[in-house]
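The next block holds one structure in the form of structure tokens; read it before the comments.
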Amino acid sequence: MMKRLLAFSFWLLAMGICVAQAQSKDDQLKRIRAIYTQTKQQVADNGKDGQPPLDMHIHVSNGSMVSEDFALDDETDVHYYFTRSKKEPDTDFLEEFSCYFISEYWTSHGHDRSREFLLDPEDGHLLFAYMKGETDAGFIVETRYYYDAKGNLIHQIHKTGNEENGLSETSPDSHSWNDAVSERKKYQEYLDIFKRLMTPEGLLDTSNETHRATASKADRLKTIRSAYAEAKQKIERDKASEVPHHITVLCHDQKIENYAPETIELNYYFDEEQHPKCYFISYHKSSMMFDLYEEYLFDPNTHDLCFSYSRGREEGEEREWRYYFDENGRCTERLSNAEEIGDGYSEKVAADKYLQVFRMLVDNNE
């Protein structure tokens, strides 16, 4: 009799755990769907009613010429939507940026893919990942993954088919396009790019300092100016090319209250290689109150920063700065019409940050 009572007690306990887990899963799914609906409305309202938009758009164009008559396009668009806040509104100058929704669209020669990542508005972890991909033959795969607060998969939906006959629900192993782990990894890659772009510059890593032979200052300046002219020509050719190689980052936000909205545009230009190398970066930050433009040129041989140019305009006054660097990254020439001129260190820090983002984008796009 005692054994029967114990067995019955354990059965009741197990059933209670199963019911609690089912309720917890159902509650989480309801919460995710409610947040998704609210977030899509928030995305639709972004930039409306006279408010500055809070979003960032990254466009990656990296096609290739297969033959003289055949070009293979490859383009990726990533959109981030975010909020801003301060831990201490009265004392903090810098703000923190919290991403709440990421969308991706990729296309290449008739194939395309769309993605959405929904982040928890409370702590920023991934709640939901959606992917729809279609081949040039019309075969479609559609997936939905739902996660709990610890990143564990709690529910998934898979569909395959085509537009003509419709999609039907299938098992997770009906395709090899993605899974819950790969989608979470892709989300993390995109989030890391956002965080790196929206975090202030840090310090340079000096552990990889080089000790190359250096040319004379006059020869080095001549080489840099020649490389700059060639880079500008390559950029013009790239803009006119059927398969351009560039990345554009466009960010809208209002960083400080009571100030005019700002727009930031960051452009990367790189060579078509198995492992693309960036040769030129331009940065433009503007508002109704000021305008800042920067250029970063990278050595064609070493791919290290060799020249930076900055132009700032505020309240009708314009200042320019030029920094030239030798083969080991030391600033050897500084030109400016401003009263104060630095040593080129902050320019090297900024260039290093932008290059980190470039490598993340290129690696993420391969």
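Side-chain atoms are counted along with the backbone in the values below, which use heavy atoms only and exclude waters and symmetry mates. Values in this document were obtained by computation on a predicted structure and should not be read as measured data.
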Look at the side chain of [X] and the backbone N and O of [Y], then say whether any donor-acceptor pair between them is shorter than 3.5 Å.
X	Y	answer
R184	G151	yes
Q28	Y147	yes
S98	T83	no
N328	R330	no
K353	L197	yes
Y293	S282	no
R115	K132	no
E333	Y323	no
H111	D136	yes
D238	H245	yes

Give a yes or no on whether the ring-centroid distance for [X] and [Y] is below 6.0 angstrom.
X	Y	result
H158	Y145	yes
F298	Y279	no
F128	Y36	yes

Problem set entry | side chain to side chain contact (heavy atoms under 4.5 Å, CB included) evaluation trace for I102 with V78 | CA-CA 7 Å; I102 303 171; V78 186; 3.9 Å; yes
For this session: Go through the steps to decide whether D120 and R31 satisfy the test salt bridge (Lys or Arg N to Asp or Glu O under 4.0 Å), and finish with yes or no.
Result: CA-CA 10 Å; D120 194 308; R31 179 173 179 267; 2.9 Å; yes
Would you name the heavy atoms of [X] and [Y] that are closest together and state the gap between them?
X	Y	value
E201	A350	CG-CA, 3.9 Å
N337	E320	OD1-N, 2.9 Å
W321	E340	NE1-O, 3.3 Å
C99	L119	O-CD2, 3.1 Å
A149	H125	CA-NE2, 3.3 Å
C306	I224	O-CD1, 3.3 Å

Tell me whether [X] shares a hydrophobic cluster with [Y], the cluster being built from Ile, Leu, Val, Met, Phe, Trp, Tyr side chains joined at under 4.5 Å.
X	Y	answer
L127	Y130	yes
V60	L266	yes
Y187	V141	no
Y80	Y354	yes
V349	F325	no

For this session: Carefully, step by step, assess E295 and Y228 under the rule side chain to side chain donor-acceptor pair (under 3.5 Å).
Result: CA-CA 10 Å; E295 294 180 343; Y228 182 88; 2.6 Å; yes
Determine whether the side chains of [X] and [Y] contain a donor N or O and an acceptor N or O closer than 3.5 Å.
X	Y	result
D74	W106	yes
Q42	N46	no
Y190	E104	yes
D326	T214	no

Exercise. Would R144 and E116 pass as an ion pair if we require N to O under 4.0 Å?
Worked result: no
Exercise. Salt bridge between R212 and D304, side-chain N to carboxylate O under 4.0 Å?
Worked result: yes
Roughly how far apart are [X] [atom1] and [Y] [atom2], rounded to 0.5 Å?
X	Y	atom1	atom2	result
F270	L361	CZ	CG	9.5 Å
D77	T107	CG	OG1	10.0 Å
E265	H252	CD	NE2	9.0 Å
H284	L250	NE2	CG	11.5 Å
K40	S103	NZ	OG	7.5 Å
I140	E134	CD1	CD	4.0 Å

For this session: Assess whether side chain to side chain contact (heavy atoms under 4.5 Å, CB included) is satisfied between H155 and K25, documenting all intermediate values.
Result: CA-CA 8 Å; H155 187 59; K25 174 184 173 179; 3.7 Å; yes
Could you tell me whether the side chain of [Y] reaches within less than 4.5 Å of the side chain of [X], counting heavy atoms only?
X	Y	answer
I154	L29	yes
I32	L118	yes
F97	D253	yes

Exercise. Which of parallel (below 30°), tilted (30 to 60°) and perpendicular (above 60°) describes Y324 and F307?
Worked result: tilted
For this session: Let me see the working for R113 and W177 under side chain to side chain contact (heavy atoms under 4.5 Å, CB included), right down to the final yes or no.
Result: CA-CA 11 Å; R113 180 185 65 230; W177 292 30; over 6 Å; no
For this session: Let me see the working for Y296 and E294 under side chain to side chain donor-acceptor pair (under 3.5 Å), right down to the final yes or no.
Result: CA-CA 7 Å; Y296 301 90; E294 299 172 343; 2.8 Å; yes
For this session: Pick out which of F101, F194, Y100 makes a ring pair (Phe, Tyr, Trp, His ring centres under 6.0 Å) with F82.
Result: F194
Exercise. Going through the distances and angles, do K186 and E189 end up as a salt bridge (Lys or Arg N to Asp or Glu O under 4.0 Å)?
Worked result: CA-CA 5 Å; K186 181 61 66 175; E189 290 172 351; 3.4 Å; yes
For this session: Decide yes or no on salt bridge (Lys or Arg N to Asp or Glu O under 4.0 Å) for E96 and R84, but give the supporting numbers first.
Result: CA-CA 6 Å; E96 294 184 351; R84 66 180 191 273; over 6 Å; no
For this session: Decide yes or no on side chain to side chain donor-acceptor pair (under 3.5 Å) for S24 and D27, but give the supporting numbers first.
Result: CA-CA 5 Å; S24 176; D27 290 342; over 6 Å; no
For this session: Step by step, work out the salt bridge (Lys or Arg N to Asp or Glu O under 4.0 Å) result for D299 and R220.
Result: CA-CA 11 Å; D299 190 297; R220 179 62 175 175; 3.0 Å; yes
Exercise. Regarding K234 and the six-membered ring of Y269, is the cationic atom NZ or CZ under 6.0 Å from the ring centre and inside 45° of its axis?
Worked result: no
Exercise. Would you find more than 12 non-hydrogen atoms of other residues, nucleotides or ligands less than 6.0 Å from K185 atom NZ?
Worked result: no
For this session: Report the C-alpha distance between E142 and L167 in whole Å, list the side-chain angles of each, state the deciding distance to 0.1 Å, and finish with yes or no for side chain to side chain contact (heavy atoms under 4.5 Å, CB included).
Result: CA-CA 8 Å; E142 189 173 281; L167 302 181; 3.9 Å; yes
